[in-house]
Amino acid sequence: MKWTTANLKHANYTANHELYVGTHTGSFKHLVPSSEKSPHGQSNLSDLVGLDKDSRVTSLAFGDEAQTEILLGRAKNAVELHSFAEGKSTRKSISFTAAPIVGLARYNDKLIAGIGNGQIQSLELEVDEESEPVVITTGNQIDHLRQCAQARNIVATGGKERQNNLKVYDLSSDGKQIFSSKNLPNDYLQLEVPVWDSDIGFVDGPSVLATCSRTGYVRLYDTRKQRRPVASFASEEHGMSFTTLVARGNFIYTGTTMGALKAFDTRRMKTHVHTYKGFTGGISDLHLDITGRYLSSASLDRYVRIHDSESTVLLYQCYVKSKATKILIRQRENEPQDSEHPEEDTELEVDNNVKQNKTVKATPVDNEYEDLFDQMPTVGDSDGSEGEEETATKQSKAKLKRKSINQSLKTKKKKL
């Protein structure tokens, strides 16, 4: 498919999906690509009046396995819980003691937040009185916190420098650290290899993890075997700077600051196996649907996109007016019978009626043109009048051409 900046939807994209997008300005948007009438319509789920420069959405995650609760973190210490159970939408705000929020997770009745200063804070949700959060110190900086979808008591953190490398914690054991990665051996100059785990992803379980780095590597860890990576990809020649990843099965999908979306096979990490096109800005977040076939992405070019993870075809693209920082995709529960944007549909119907009226007015019946054919002489069989009839016929045809040309010009002017 050719590169384009317009809103589009592929004819073969028939999945019943909905998107939740967090932006750089702090707005939290809801999109329904499966809608037939308004697939690019957007609705804001947050209050736009109270947004400020610290309202940037820095974390977005599902709070349960049924994907009926969304956890939203911002550059400040505020966290929002959006619930969509039973067709009702509710919102609850919770405050932590530090900022920014770089990752969110929920385990039982506890809300876990990864803070940029290197802390993991845990708060009880069911307690009426405000209490101090339980703090776990992982280092002095965190870039991302990720919860394992298969074992929700396991969370992983990663950041910049060796002391903030990949670490795995068990929430069921009071936040006990169960794994800490080890860096690669020194290079040929006996210098330490730079470490910067900008994002983390669990590969179908709590034991296998993948990390990507802004320094240009993608690594695969197996906590059951060794602390060092079991497979890795280094892009020293290509100069890639990876910002986000998502993993499923044998594939790791990574996005870069230059707008490149690559897929790597965990069985052969020497090079990428797929490239997804259509981006004009850095990729800020990736998320796979429950089937693993549809890959959603948020980009700093203010577009959100959905690709087919197998064929790499761009299926959906929508302009969201702000720099998209986080994205979630989930299966839509039930499609409402009424139109979601009745005002827009009414406007479209009015526009179509106006266009139809215009086309009717632009092609009126010309009485003079019809009379011209009625007054044309009938061609006879007499030999003496053949020359005169041919001359009259040529003259009438010439007049007819001139009048038809003038009439077509008049209709074009009316249309303009």
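These numbers were taken from a predicted model, which means no experiment stands behind them. Heavy-atom basis, side chains included; hydrogens, waters and symmetry copies ignored.
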- Message: Could you walk me through whether S172 and Y107 satisfy the side-chain contact (heavy atoms from CB on, under 4.5 Å) test, starting with their C-alpha distance in whole Å, then the side-chain angles of each, then the deciding distance to 0.1 Å, before giving a yes or no?
- Response: CA-CA 9 Å; S172 62; Y107 177 64; 3.4 Å; yes

- Between K9 and P33, is there a donor-acceptor pair closer than 3.5 Å when you use the side chain of the first and the backbone of the second? yes

- Query: Is there a donor-acceptor pair under 3.5 Å between the side chain of Q147 and the backbone N or O of R106?
  - Reply: yes

- Query: Can you tell me if S38 uses its side chain to pair, donor with acceptor, with the backbone of H40 under 3.5 Å?
  - Reply: no

- Evaluate the side-chain proximity of N108 to K110: yes if any heavy-atom separation is below 4.5 Å, no if none is. no

- Message: Can you see whether Y20 engages R330 through a side-chain donor-acceptor pair at a distance of less than 3.5 angstrom?
- Response: yes

- Item | Atom of L300, atom of S284 and distance for their closest heavy-atom approach | CD2-CB, 4.3 Å

- Message: Could you go through S27 and Q42, starting from their C-alpha distance and side-chain angles, then the distance that decides it, and tell me whether this counts as side-chain contact (heavy atoms from CB on, under 4.5 Å)?
- Response: CA-CA 11 Å; S27 59; Q42 306 170 27; over 6 Å; no

- Below 4.5 Å, heavy atoms only, C-beta onward: do V79 and L72 meet side chain to side chain? no

- Item | Side-chain donor or acceptor of S213 paired with backbone N/O of Y217 under 3.5 Å | no

- May I ask you to check whether H82 and F28 place their ring centres under 6.0 Å from each other? yes

- Those residues that, when tested against Y294, pass ring pair (Phe, Tyr, Trp, His ring centres under 6.0 Å) (two or more places apart): Y13, H17

- For T157 and V155, run side-chain contact (heavy atoms from CB on, under 4.5 Å): C-alpha distance rounded to whole Å, both residues' side-chain angles, the deciding distance at 0.1 Å, then the answer. CA-CA 7 Å; T157 63; V155 295; 5.6 Å; no

- Message: Quick check against the 3.5 Å criterion: does D308 have a side-chain atom that pairs as donor or acceptor with the backbone of T312?
- Response: no

- Message: With a 3.5 Å distance limit and no angle check, can you tell me whether N44 reaches the backbone of L48 through a side-chain donor-acceptor pair?
- Response: no

- Item | Closest heavy-atom pair and its distance - A324, V304 | CB-CG1, 4.1 Å

- Considering non-hydrogen atoms only, spot the tightest contact between S131 and L123 and give its length. O-CD2, 3.4 Å

- Just by modelled atom types, is the R293 backbone N or O under 3.5 Å from a matching donor or acceptor in the S309 side chain? yes

- Under 6.0 Å between ring centres, would you say that holds for F251 and H272? no

- To the nearest 0.5 Å, how far apart are CG in L60 and CG in L328? 4.0 Å

- Contacts of D54 meeting side chain to side chain contact (heavy atoms under 4.5 Å, CB included) (sequence neighbours excluded), chain-then-number -> D52, K76

- Message: Hydrogens and angles aside, do D301 and Y319 bring a side-chain donor and acceptor to less than 3.5 Å of each other?
- Response: no

- May I ask you to check whether over 12 heavy atoms, not counting those of I290, lie within 6.0 Å of atom CD1? no

- Determine, stepwise, if the pair L220 / L209 fulfils side-chain contact (heavy atoms from CB on, under 4.5 Å). CA-CA 6 Å; L220 185 68; L209 298 95; over 6 Å; no

- Query: What's the shortest heavy-atom distance between D64 and T68, and which atoms?
  - Reply: OD2-OG1, 2.6 Å

- Item | side chain to side chain donor-acceptor pair (under 3.5 Å) between D199 and T244, intermediate numbers included | CA-CA 5 Å; D199 201 359; T244 181; 3.0 Å; yes

- Give every residue pair that meets the side-chain hydrogen bond (donor to acceptor under 3.5 Å, both in side chains) criterion with at least one member in residues 91-101, sequence neighbours excluded. T97-Q121

- When the ring planes of F242 and F264 are compared, do they come out parallel, tilted or perpendicular, using 30° and 60° as the limits? perpendicular

- Task: Could you list the residues that satisfy salt bridge (charged side-chain N to carboxylate O under 4.0 Å, His left out) with D289, not counting sequence neighbours?
- Result: none

- Query: Does the side chain of N164 pick up a donor-acceptor pair with the side chain of W196 at under 3.5 Å?
  - Reply: no

- For D285 and T325, the nearest pair of non-hydrogen atoms, with its separation, is CB-O, 3.4 Å

- Query: Do side-chain atoms of N77 reach the backbone of F96 as a donor and acceptor pair under 3.5 angstrom?
  - Reply: yes

- Decide yes or no on side chain to side chain donor-acceptor pair (under 3.5 Å) for N140 and N117, but give the supporting numbers first. CA-CA 5 Å; N140 56 15; N117 59 4; over 6 Å; no

- Looking at side-chain heavy atoms only, is the closest gap between S322 and T25 below 4.5 Å? yes

- Item | Flag side-chain contact, heavy atom, 4.5 Å: R214 against T243 | yes

- Task: Evaluate whether atom CZ of R227 has more than 12 neighbouring non-hydrogen atoms of other residues, nucleotides or ligands under 6.0 angstrom away.
- Result: yes

- Query: Can a donor-acceptor pair be found between the side chains of H30 and E18 at a distance below 3.5 Å?
  - Reply: yes

- Message: Run the side chain to side chain contact (heavy atoms under 4.5 Å, CB included) test against I136 and tell me which residues pass, sequence neighbours left out.
- Response: I120, Y169

- Task: Could you tell me which non-hydrogen atom of P185 sits nearest to which non-hydrogen atom of V193, and how far apart they are?
- Result: O-CG2, 3.3 Å

- Query: So, does S297 use its side chain to make a donor-acceptor pair with the main chain of L286 at under 3.5 Å?
  - Reply: no

- Task: Check whether any side-chain heavy atom of R219 sits under 4.5 Å from a side-chain heavy atom of R228, and report yes or no.
- Result: no

- Query: With a 3.5 Å cut-off and no angle check, do the side chains of D143 and Q141 form a donor-acceptor pair?
  - Reply: yes

Solution key, residues 173-182 side-chain donor-acceptor pairs under 3.5 Å, sequence neighbours excluded:
residue : atom : partner : partner atom : Å
S173    : OG   : D170    : OD2          : 3.3
S181    : OG   : N165    : ND2          : 3.3
S181    : OG   : L166    : N            : 3.3
S181    : OG   : L166    : O            : 3.3

- Item | Sidechain-backbone polar pair: S55 side chain, G26 backbone, donor-acceptor under 3.5 Å | no

- Item | Minimum side-chain heavy-atom gap L261-F279 below 4.5 Å | yes

- Message: Any salt bridge linking R152 with E65? Criterion: basic side-chain nitrogen under 4.0 Å from a carboxylate oxygen.
- Response: no

- Just wondering, do L191 and N186 contact through their side chains at under 4.5 Å, heavy atoms? no

- Is any side-chain heavy atom of E124 closer than 4.5 Å to a side-chain heavy atom of D109? yes

